[in-house]
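To find a chain, count down the sequence lines: A is the first, B the second, and so on, and within it residues start at 1.
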There are 2 protein chains.
Amino acid sequence: MVRLKEYVAPILTVDSVIFQLAGDTLSVLLIQRANAPFKGSWALPGGYNAAGETTHDAMKRILLAKGGVKTAGLKLVEQLYTFDTIARDPRGHAVSVTYMGLGKDIVPEAGKNTENPQFFPIDNLPKLAYDHADIIRYAHERLQNKVTYTNAVFALLDEFFTLTELQMAYEAILCRPLDKRNFRKKFLSLDLIHATSEMRREGAHRPARLYTFNKQELDALSRSFD
Amino acid sequence: MVRLKEYVAPILTVDSVIFQLAGDTLSVLLIQRANAPFKGSWALPGGYNAAGETTHDAMKRILLAKGGVKTAGLKLVEQLYTFDTIARDPRGHAVSVTYMGLGKDIVPEAGKNTENPQFFPIDNLPKLAYDHADIIRYAHERLQNKVTYTNAVFALLDEFFTLTELQMAYEAILCRPLDKRNFRKKFLSLDLIHATSEMRREGAHRPARLYTFNKQELDALSRSFD
DNA sequence: ACAAAAGTGTTAAGAATACACCCATGT
DNA sequence: ACATGGGTGTATTCTTAACACTTTTGT
């Protein structure tokens, strides 16, 4: 058993995978590291979690400082997994708690400590520092699962959206085409969304009805989608 | 941004939820705390994770030291979630990485530092220290999900088992009765198990055919069970 | 012969899949 | 009038759910 007097805690870090839809592709927020190690490399926004700060608070602080993104602008934040096989720091063993965040129209704002935050399409990522490519893959899988048994997509869409936008979101996340008629029939039968009286008209074609989610919070589906 | 020279890591701890089937009920390994805080209370086996040790190694070490259980005897170990809202330690903020372990016929062995490890039926737990009741609830939910989309039950059964035992395992985990004929039809159609030529005879009734899993490792189902 | 658990099939309802044309608008 | 994306229905297959009796053994 570890004696308390000898106890030295491992380094604790937090990394965030922030997703949003850019047009019809899923994209991830990356920063370009300002410091060693991996200085200049692209990486997930992450940093040290000091004593007295919850991992979620650390995530908020670091995301704003390095990524220029306010957590309040995310519609869903969820803890993913804790990775501890990486030697993140020259001082030794580090443990990284990872979070996934979802939002819409996120614009990273440059600040004193931001490290060139940019969104990259998930299927066209630059070479990444650490094991961040693995973390993103893990987050993507989690998101794919999440949208099949919950209403989590709401967090990637505007409050009001068309069924085509909804379908495009699913296609971007699941990386495969879906049948339009079946998609609509099924999704409407799930009782997660309802039509509004509003239409959106844009371009030389029939206007689209706008829908909205019954709840802007995470909700489990009665039966799994797709 | 945190200056490295000022950086003090939070305390890192690891807690394990070890499940096994006792007869036809799911049970959890608990220990009776030997030290403050919560001295004398029942709790999950858990302890400090020192620098230089992965959380998984810490879990193994602590489970053996306090719980008298060798991790090698578990058929499946999986990280659950990282909790950091608890004030586990008088010295301040602590972060706890939790693991779930599944096994069969686990017998905790008393040792120098074991703290009276015992299995308790999940529906009849004593009052627990910390937020451990929440952690167990979380683990149980995860297990319920896991057995519906993977072959994870294998880790709670012997290598050879009867279909009745398999069904009883599912009923214990899901906490509801299942239809015998539908259960067998469905499970056999999933291609996870196969019949052996062996039968088990016990008691004054027809002997039961023994089955075995095709793989003794985690495998995703083609379609979700139940 | 009886008690006890093992084993087995059918039907009906619901869900998933495959698939092609008309509609409303702007230019 | 035409180009563009929005919107809609049906038939088939597969999956789920409900349900009760016969078989094999030990005593």
Spacing between [X] atom [atom1] and [N] atom [atom2], to the nearest angstrom:
| X | N | atom1 | atom2 | answer |
| --- | --- | --- | --- | --- |
| A/Arg184 | C/dT17 | CZ | C1' | 17 Å |
| A/Glu202 | C/dT27 | CD | C1' | 16 Å |
| B/Arg181 | D/dT22 | CZ | C1' | 11 Å |
| A/Arg206 | D/dG6 | CZ | P | 10 Å |
| B/His205 | C/dA4 | NE2 | P | 10 Å |
| A/Arg176 | C/dA16 | CZ | P | 13 Å |
| A/Phe187 | D/dG7 | CZ | C1' | 18 Å |
| A/Gln167 | D/dG7 | CD | P | 11 Å |

May I ask you to verify if any side-chain N or O of [X] is less than 4.0 angstrom from the OP1 or OP2 atom of [N]?
| X | N | result |
| --- | --- | --- |
| A/Arg223 | D/dT15 | no |
| A/Thr164 | D/dG5 | no |
| A/Lys186 | C/dA15 | no |

So for atom CD, which belongs to A/Gln216, do other residues, nucleotides or ligands contribute more than 12 heavy atoms lying within a distance under 6.0 Å?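 Enclosed.
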Which listed nucleotide (C/dT25, D/dG7, C/dA20) is nearest to the side chain of A/Arg209?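 It is D/dG7.
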If you check the A/Lys180 side chain, which of D/dT25, D/dT4, D/dT8 turns out closest?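 In terms of side-chain proximity for A/Lys180, the closest of D/dT25, D/dT4, D/dT8 is D/dT8.
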Pair [X], [Y]: side-chain N/O donor-acceptor within cut-off below 3.5 Å:
| X | Y | value |
| --- | --- | --- |
| B/Ser96 | B/Tyr130 | no |
| A/Arg223 | B/Ser224 | no |
| B/Asn145 | B/Thr148 | no |

Taking for each residue the nucleotide of DNA chain D with the nearest heavy atom, is it A/Asp179 or A/Ala204 whose nucleotide lies nearer the 5' end?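 Going by which nucleotide is closer to the 5' end, it is A/Ala204.
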Assess whether one donor atom and one acceptor atom, taken from the side chain of A/Lys185 and the base of D/dT10, lie less than 3.5 Å apart.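 Such a pair exists between side chain and base.
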Taking the six-membered ring for Trp, is the centroid-to-centroid distance between [X] and [Y] below 6.0 Å?
| X | Y | answer |
| --- | --- | --- |
| B/Phe160 | B/Tyr211 | no |
| A/Phe161 | A/Phe213 | yes |
| B/Tyr170 | B/Phe187 | yes |

Counting only heavy atoms and a strict 4.0 angstrom limit, can you tell me which residues of residues 188-201 of chain B come near DNA chain D?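 Hits under 4.0 Å, by residue number: B/Arg201.
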If you assign each of A/Asn182 and B/Pro207 to its closest nucleotide in DNA chain C, which residue comes earlier from the 5' end?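 Going by which nucleotide is closer to the 5' end, it is B/Pro207.
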